[in-house]
Amino acid sequence: MSQQQPIAIIGHSIGAYMALKVITQLQAVTSASPDIAKVLAIFPFLQADLSTGQQRMMHALTKAPRFMGVIGAVLGLLPSKCKRWLVNWWGGGLDDYAEKATVGLLNYNTIMNGFFLGQTEFRDLAGPVDWRELQELGAQLLLVIVVLCRLSCDAKNTLPQPLWCCATRR
């Protein structure tokens with residue numbers, strides 16, 4: 001990659017969190033960091049909110065990533081029709097492409113790694129958001145998706161209400 005070309009970094013959920021961490025750490029350790037045009041954080045998981053039932057359940061499940069991997073491996077052994085039904089029942093309303101892609105993820109390594117990353121995410125995001133880090137990115141950071149999420153998502157929203165209010169003020 002040429003130092004002359006600006007780059008855009010896009011991350012979803014834990015990927016958004018990772019992108020933000022990589023950028024802030026890169027800027028802290030090098031004076032010759034690449035020209036970052038924009039960091040797009042799609043549904044960033046900025047702070048754990050264990051007051052919601054869904055996050056409490058996910059937090060409990062992330063404590064056993066290997067066990068969850070075994071469940072993923074067992075589910076991966078099901079006939080294709082059963083896996084597709086299960087994915088639609090759990091995910092609800094996926095298009096054909098997303099359904100097939102999700103069915104392909106039902107294996108030990110993918111599920112175990114996903115829950116291990118979730119474990120790390122819950123641990124690292126137990127405290128309050130570090131607004132200083134986010135503010136240092138300034139115009140490079142785009143959190144527009146958070147606004148869209150708040151207007152259109154149900155209770156699975158990734159931002160707790162106090163954090164939503166704080167994010168919209170900043």
Side-chain angles (χ1 to χ4, degrees), residues 9-25 39-95 97-134 141 143-168 170:
I9 299 174
I10 301 170
H12 171 261
S13 188
I14 193 169
Y17 168 72
M18 288 178 188
L20 294 168
K21 281 297 179 193
V22 165
I23 296 307
T24 54
Q25 289 176 6
V39 178
L40 176 59
I42 303 170
F43 295 111
F45 197 90
L46 299 175
Q47 181 179 8
D49 181 13
L50 298 180
S51 69
T52 68
Q54 183 184 21
Q55 284 197 25
R56 271 194 315 274
M57 179 184 68
M58 291 302 293
H59 183 252
L61 294 174
T62 62
K63 293 180 180 181
R66 287 187 176 89
F67 176 73
M68 296 309 295
V70 170
I71 291 175
V74 170
L75 293 175
L77 297 173
L78 293 172
S80 187
K81 190 174 184 175
C82 292
K83 289 188 279 192
R84 291 181 75 150
W85 178 87
L86 185 64
V87 165
N88 276 309
W89 174 75
W90 186 264
L94 298 176
D95 64 28
Y97 179 78
E99 178 186 291
K100 288 175 187 172
T102 305
V103 164
L105 296 174
L106 292 175
N107 63 68
Y108 176 82
N109 289 324
T110 302
I111 300 298
M112 191 271 299
N113 285 333
F115 278 91
F116 178 78
L117 286 172
Q119 183 181 58
T120 304
E121 193 172 357
F122 275 108
R123 182 193 67 226
D124 291 353
L125 299 174
V129 175
D130 186 350
W131 291 109
R132 183 187 44 77
E133 280 185 357
L134 296 176
L141 178 62
L143 292 173
V144 173
I145 301 301
V146 171
V147 174
L148 296 175
C149 174
R150 187 62 183 168
L151 296 175
S152 66
C153 289
D154 59 13
K156 295 177 185 174
N157 189 332
T158 56
L159 285 180
Q161 184 64 33
L163 183 56
W164 162 252
C165 293
C166 212
T168 56
R170 293 172 193 252

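Keep in mind that the numbers below use all heavy atoms, side chains included, and drop hydrogens, waters and symmetry copies. Along the sequence shown, residues are numbered consecutively beginning with 1. Since this is a predicted model, take the numbers as computed values, not measurements.
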Check your understanding: Hey, what do you get for CG (Asp49) to CD (Gln54), rounding to the nearest 0.5 Å?
Key -> 11.0 Å

Check your understanding: Residues two or more places apart in sequence or in another chain: which of them pass side chain to side chain donor-acceptor pair (under 3.5 Å) with Asn88?
Key -> Glu99

Exercise for review: Mind listing the closest non-hydrogen atom pair of Thr110 and Leu105 along with its distance?
Suggested key: CB-O, 3.5 Å

**Study point:** Smallest separation among heavy atoms of Ile111 and Met68, with atom names
**Key:** CG2-O, 3.1 Å

Study note, to complete from the structure: Checking Lys63, Met57, Gln55, Arg56 against His59 for side chain to side chain contact (heavy atoms under 4.5 Å, CB included), the one that qualifies is Lys63

Check your understanding: Are any non-hydrogen side-chain atoms of Met18 and Leu117 less than 4.5 angstrom apart?
Key -> yes

Exercise for review: Kindly indicate whether the side chain of Tyr17, heavy atoms from C-beta on, has any atom under 4.5 Å from the side chain of Asp124.
Suggested key: yes

Check your understanding: Which heavy-atom pair separates Ile9 from Ala19 by the least distance, and what is that distance?
Key -> CG2-CB, 3.5 Å

Review point. Which atom names give the shortest non-hydrogen contact between Val70 and Tyr108, and what distance separates them?
Key: N-CD1, 3.5 Å

Review point. Run the side chain to side chain contact (heavy atoms under 4.5 Å, CB included) check on Arg66 and Phe116 step by step: do they pass?
Key: CA-CA 8 Å; Arg66 287 187 176 89; Phe116 178 78; over 6 Å; no

**Study point:** N/O donor-acceptor pair under 3.5 Å between Lys83 side chain and Leu75 backbone
**Key:** no

Review point. Which value, rounded to the nearest 0.5 Å, describes the distance between Met112 atom CE and Asn107 atom CG?
Key: 10.0 Å

Check your understanding: How many angstroms lie between atom CZ of Arg84 and atom CG of Leu106, to the nearest 0.5 angstrom?
Key -> 12.5 Å

Revision key, fill the gap. In terms of heavy-atom contacts, Gln119 and Pro65 come closest through NE2-CD, 4.2 Å

